[in-house]
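Contents: one structure, followed by commentary.
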Amino acid sequence: MKRLTAIAALAVVATATACGTTGNSSSGPGGIYTTIDGSKQIDASAPINPFNPQGSTFMGYDAMSLGWPKNDLMNPDLFYPGLAGSWSVTPGQGEVVIHLRPQARWSDGKPVTSADVRTSIGLAYTQGGSAYTVNAGAAGAAADITVVDAKTVKITQGANRSNAFLRNVLSTVIVPDHVYGPLLPAGFWATLKAARGTGPAADKAKAQITGLSQKVIGFSPPEDVSAGPFVLERINPGAALLKKNPHFYDAHKIVPDKVKVLNYTGNEQIWNYLVSGKLDNAPFTAVPAAVMARIKATKGNEIRKGYSPVAASLAFNQAHKPYDNVHVRRALAYLIDRAQLTKIASPEAGTPSVTTTGIHGTAAKAWLGDGLAKLNPYKMDPAKATKELKAAGMVKRNGLWAMPDGKPWKVRLTVPAEFSDWVAAAKSIASQLNDHGIDATVTTSADYTLYLDELASGKLDIGFWLMALGPSPYNIFQRLYGSANGWSLLAGRLRHSPPGKDGNWMGGPEVVGGVNPGELTNRLNLAMPDEQQRIVGTLAGLTNQQLPVIQLYDYVNTQFVNTTRYTGWPPAGSEALRLPAGVWMQLGMIEKK
């Protein structure tokens with residue numbers, strides 16, 4: 001989830017864009033739909049290439065995948081069709097068969113075929129990760145890609161299975177073979193087969209595959225060839241303009257004639273666009289209450305709220321004293337008023353966490369059922385906090401809590417300066433702790449990259465951490481019991497590194513309460529639904545008891561739409577809210593007003 005920059009006073013001056021007309025203008029019967037791509041800022045020099053991290057393509061508009069996730073609370077395998085009209089999967093996800101839409105065509109009129117899918121998968125191998133990795137024994141890696149016919153592809157999973165295989169396959173971005181095919185050298189597939197083995201020959205083959213990465217990233221097609229509803233017409237530093245693709249398989253559902261994606265440099269610019277009514281929709285953006293009031297006052301602006309599988313937490317480095325003591329972690333949980341800090345930090349886009357489970361509160365109700373109410377809610381209770389601190393051996397002198405040996409206890413909360421809600425939350429927590437005799441201060445890192453480096457190097461005692469990244473239960477708990485806490489999967493074997501090694505900055509024990517949470521988390525990758533639910537219950541209970549983090553607030557997917565030009569928006573709570581507006585159009589939701 002891309003977080004946008006700091007809360008500041010809003011200067012409501014409309015920002016002109018170099019592409020000319022704004023979202024309330026019309027270039028034809030369907031008009032120009034104006035939006036923001038919250039996943040990236042526009043770089044007019046970037047190639048028209050979805051493999052480039054800053055590429056001048058836009059998912060759901062001119063960049064297409066085989067399917068679009070429905071974002072179900074518990075079942076991550078539910079997808080809307082994209083270029084794949086349908087698919088089938090064997091039990092255990094050992095084999096996925098993709099059936100492409102018969103009518104799917106590229107914007108130059110050529111049909112979308114299995115060759116496009118095969119080439120796209122080959123290019124994905126050069127980037128690594130997901131279902132397409134050359135690491136021997138990696139869980140969930142594809143073992144074979146078979147072209148059955150011009151519109152059917154079979155993808156087989158390797159021996160080390162993962163139940164994330166189907167969703168990783170359906171999320172594959174598809175590019176045209178007649179444009180991108182030459183990037184794969186002759187003999188590529190034989191080299192890939194050799195790379196799946198072990199030994200010197202396999203290592204050489206792996207190096208050849210991954211050595212193509214920069215060539216693929218840097219590839220710059222002369223024009224956009226899209227199988228999506230739009231194709232890039234022109235781009236400059238202010239905006240990208242896309243025009244309707246007449247060859248799109250469901251072109252009759254696409255109402256706008258053009259889409260303008262405006263660039264932004266931070267929150268304030270998006271606020272300007274919203275207050276001036278320029279945007280037909282905008283993705284989640286951190287907005288203070290005063291600015292939200294001005295946005296709501298603009299004619300046609302409405303808010304759509306839905307589930308967002310992300311939560312903010314306070315994470316501990318248990319290799320640092322006194323945070324190795326669970327009583328200290330519990331004491332801090334009893335001293336934080338989550339409702340108060342949420343009101344301060346994220347009043348429009350967050351709800352106070354009911355308790356700490358590792359799971360977003362909305363999903364926790366589905367996963368845990370009645371078991372959620374049995375967990376410790378850690379409601380603010382200074383008396384219980386005092387009891388926990390005494391149990392940890394902490395001492396109070398001259399009104400301040402100190403370490404068991406009498407040395408000063410200084411709580412340092414570190415946050416990246418650009419995360420406005422985290423900064424506000426940290427200040428609220430520090431104030432609350434100071435009110436109860438704990439010397440707490442807030443420091444900021446210049447940016448998120450530096451902040452993550454500081455976490456990984458073990459410099460920080462306590463940091464803010466994004467967690468609960470559903471809907472996959474493995475992804476949810478991997479944030480707590482994965483590489484950041486010492487567990488890593490290499491060649492199909494799980495290992496636990498000591499604190500300070502291999503990225504283990506949380507420093508939790510390998511086994512706690514007779515449970516190895518890393519092993520259980522890894523098991524979620526293979527377990528069937530009933531077993532998954534049992535494991536989730538165990539991990540949620542362990543997390544609630546041991547508190548490797550304190551779950552502070554659960555994010556709400558707060559989006560903005562404007563009804564003056566278009567209607568048919570996904571309703572509040574719709575799973576489609578987490579998809580790009582281009583997908584809304586593909587689903588026939590957007591209508592001209």
Pair His99-Lys151, side chain to side chain contact (heavy atoms under 4.5 Å, CB included): steps then yes or no: CA-CA 6 Å; His99 303 281; Lys151 291 287 185 177; over 6 Å; no
Could you give the distance from [atom1] ([X]) to [atom2] ([Y]), rounded to the nearest 0.5 Å?
X	Y	atom1	atom2	answer
Glu510	Asn485	CD	CG	10.5 Å
Ser130	Tyr132	OG	OH	6.5 Å
Leu520	Ile535	CG	CD1	5.5 Å
Asn522	Leu494	CG	CG	5.0 Å

Of the non-hydrogen atoms in [X] and [Y], which two are nearest, and what is the gap between them?
X	Y	answer
Asn504	Ala484	OD1-O, 3.4 Å
Arg196	Ile145	NH2-CD1, 4.1 Å
Met506	Val549	CE-CG1, 4.3 Å
Asn525	Ser162	OD1-OG, 2.7 Å

Has [X] got a side-chain atom pairing as donor or acceptor with [Y]'s backbone, closer than 3.5 angstrom?
X	Y	answer
Arg578	Ser574	no
His360	Ser308	yes
Asn49	Val216	yes
Asp203	Thr198	no
Gln586	Gly60	yes
Ser428	Ala424	no

Which residues share a salt bridge (Lys or Arg N to Asp or Glu O under 4.0 Å) with Arg412, sequence neighbours left out: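 Salt bridge (Lys or Arg N to Asp or Glu O under 4.0 Å) list for Arg412, sorted by chain: empty.
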With a sphere of 6.0 Å drawn around NZ of Lys321, does it hold more than 12 non-hydrogen atoms of other residues, nucleotides or ligands?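 No, because the 6.0 Å sphere around NZ of Lys321 holds 12 heavy atoms or fewer from other groups.
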Do other residues, nucleotides or ligands put more than 12 heavy atoms under 6.0 Å from Lys305 NZ?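 Counting neighbours around NZ of Lys305, more than 12 heavy atoms of other residues, nucleotides or ligands fall under 6.0 Å, so yes.
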Kindly indicate, with the supporting measurements, whether the criterion side chain to side chain donor-acceptor pair (under 3.5 Å) is fulfilled by Asp421 and Tyr555. CA-CA 11 Å; Asp421 61 326; Tyr555 283 104; 2.5 Å; yes
Picking from Asn544, Asn376, Thr543, what satisfies side chain to side chain donor-acceptor pair (under 3.5 Å) with Thr355?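 Result for side chain to side chain donor-acceptor pair (under 3.5 Å) with Thr355: Asn544.
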Give me the one residue out of Glu454, Glu418, Lys459 that meets side chain to side chain donor-acceptor pair (under 3.5 Å) with Ser445.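 Between Ser445 and the candidates, side chain to side chain donor-acceptor pair (under 3.5 Å) is satisfied uniquely by Glu454.
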Do Arg329 and Glu388 sit within salt-bridge range, that is, some charged N less than 4.0 Å from a carboxylate O?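 Between Glu388 and Arg329 there is no salt bridge, as every charged N stays at least 4.0 Å from the carboxylate O atoms.
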Does the pair Asp144/Lys193 count as a salt bridge with the N-to-O cut at 4.0 Å?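 Not counted as a salt bridge, because no side-chain N and carboxylate O are separated by less than 4.0 Å.
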Please say which of Ile98, Ile121, Val153 ends up in a side-chain contact (heavy atoms from CB on, under 4.5 Å) with Val169.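 For Val169, the side-chain contact (heavy atoms from CB on, under 4.5 Å) test succeeds with only one of Ile98, Ile121, Val153, which is Ile98.
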On the 0 to 90° scale, with breaks at 30° and 60°, tag the Tyr451-Tyr448 ring pair as parallel, tilted or perpendicular.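 Judged by the thresholds at 30° and 60°, the geometry between Tyr451 and Tyr448 is parallel.
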Evaluation steps, side chain to side chain contact (heavy atoms under 4.5 Å, CB included), between Asn317 and Tyr323: CA-CA 7 Å; Asn317 186 334; Tyr323 309 106; over 6 Å; no
